[in-house]
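Whatever order the structure lists them in is the order used to number ligands and atoms, beginning at 1. When reading the values below, keep in mind they use all heavy atoms of this one structure, side chains included, and skip hydrogens, waters and symmetry mates.
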Amino acid sequence: MISTRFTKHSLVTEAHKTIRCYQAQPKISVDATMGNGHDTDFLACHSQTVYAFDIQKTALISTEQRLQKTKRLNKVHLILASHENMQLYLPETAKVDVFMFNLGYLPHSDEAIITKTKSTLAALNSAINYLSATGIISIMTYPGHEGGKTEMDAVINWLQSHSDQYVITHIHSMQETEDSPHLFTLLKI
Ligand SMILES: C[S@@+](CC[C@H](N)C(=O)[O-])C[C@H]1O[C@@H](n2cnc3c(N)ncnc32)[C@H](O)[C@@H]1O
C-alpha cells in the first residue's frame with residue numbers, strides 16, 4: 001500500500017524537510033541527479049560524505065561552483081556517470097542513509113537530456129541494495145514533460161512492488177495540477 005499526504009510547501013522543501021526528519025545526520029548520502037547542485041549542497045550540509053551523479057559536465061561544473069561557495073566541496077564526490085552505474089563508484093559495503101532522485105532534465109538546459117525509465121529503475125534497484133537500516137529514498141517525478149508521465153507510472157509500479165517491505169508515501173502539492181511534480185518517499189520498516 002502507498003500512503004498519501006498533501007503539503008502546502010514546495011515539493012523540494014518537503015523533500016528536504018522529510019529527509020531531515022528521518023535522517024538528521026546521515027553518514028553517506030547519494031544525489032542520483034545532481035543538476036545544479038541544490039540537493040547536493042543540502043545533503044552535504046548534513047551528511048559526512050555525499051556521492052553525486054550526473055551525465056552532464058555542465059551539471060558537475062555548476063555543482064562544483066555552488067559547493068566552492070558554500071565550502072562543502074570537500075565532502076562531495078562529483079561523479080560524471082549515469083546513476084544506473086552507481087555500484088562502480090560507491091564502496092562495495094557502503095550503507096547509504098539518503099538517496100535523492102530528482103528526475104527530469106536540467107533546468108535552463110537541453111531538455112532532451114533527461115532521465116529515462118529504464119536507467120531510473122535500474123538505479124532504484126541498486127539504491128535499495130545500498131540502503132541502510134534507517135535509510136530513506138526520495139524521488140521527485142515530473143509528469144508534465146515528454147516521457148515524464150510514463151516514467152512516473154513506472155516509478156509508482158516499482159514502489160508498489162516494494163510496498164510489503166517498505167513504508168511508501170506519495171506526497172502531493174496542495175496546488176497540484178495535471179503537470180505538477182509528485183514526490184515519493186520510501187523508508188525501511
Ligand atoms: C531535475 S535535474 C536535478 C536537479 C538537482 N537535483 C538540483 O538540485 O539542482 C535532473 C538531472 O538529472 C540528470 N540526469 C539525467 N539522466 C541521468 C542519469 N542517467 N544519471 C544521472 N543523472 C541523470 C540530468 O542531466 C539533470 O541534470
When you group the ILVMFWY residues by side-chain heavy-atom contacts below 4.5 Å and let the links chain together, are Val167 and Met140 in the same group?
no

Could you tell me the residue and atom name of the protein heavy atom closest to [atom], and the distance to it rounded to 0.1 Å?
atom	value
atom 23 (C) of ligand 1	Ile55 CG1, 3.9 Å
atom 8 (O) of ligand 1	Asp39 N, 2.9 Å
atom 2 (S) of ligand 1	Tyr105 O, 3.4 Å
atom 19 (N) of ligand 1	Ser82 OG, 3.0 Å
atom 25 (O) of ligand 1	Asp54 OD1, 2.7 Å
atom 5 (C) of ligand 1	Met34 O, 3.2 Å

Anything under 30° is parallel, anything over 60° is perpendicular, the rest tilted; go ahead and classify [X] against [Y].
X	Y	result
Tyr89	Phe53	perpendicular
His170	Phe184	tilted
Trp158	His162	tilted

Identify which of Met86, His83, Glu84, Lys118 has a heavy atom lying nearest to atom 18 (C) of ligand 1.
His83

Option set Pro181, Pro107, Ala32, criterion heavy-atom distance to atom 21 (C) of ligand 1, minimum:
Ala32

At under 4.0 Å between heavy atoms, which part of [X] makes contact with ligand 1: side chain, backbone, both or neither?
X	result
Gln56	side chain
Met100	neither
Leu103	backbone
Thr120	neither

Is there any N or O on His38 that sits under 3.5 Å from an N or O of ligand 1?
yes

Min N/O separation Asn36 to ligand 1 under 3.5 Å
yes

Give a yes or no on whether the backbone of Asn102 and the side-chain of Thr33 come within a donor-acceptor separation of less than 3.5 Å.
yes

Please check: side-chain N/O of Ser173 versus main-chain N/O of Gln175, any donor-acceptor pairing under 3.5 Å?
yes

Regarding Asp179 and His145, is there a side-chain donor-to-acceptor distance under 3.5 Å anywhere?
no

Do Glu84 and Ser126 have side-chain atoms, one donor and one acceptor, less than 3.5 Å apart?
no

Stepwise side chain to side chain donor-acceptor pair (under 3.5 Å) check, Thr117 with Thr120:
CA-CA 5 Å; Thr117 302; Thr120 298; over 6 Å; no

Numbering as shown, the atoms of ligand 1 that approach Gly37 to under 4.0 Å (heavy-atom distance)
7 (C), 9 (O)

Show which atoms of ligand 1 fall inside a sub-4.0 Å distance from at least one heavy-atom site of Asn102.
1 (C), 2 (S), 3 (C), 4 (C), 6 (N), 10 (C)

Val30 and side-chain contact (heavy atoms from CB on, under 4.5 Å): which single residue from Val96, Ile137, Val98 fits?
Val96

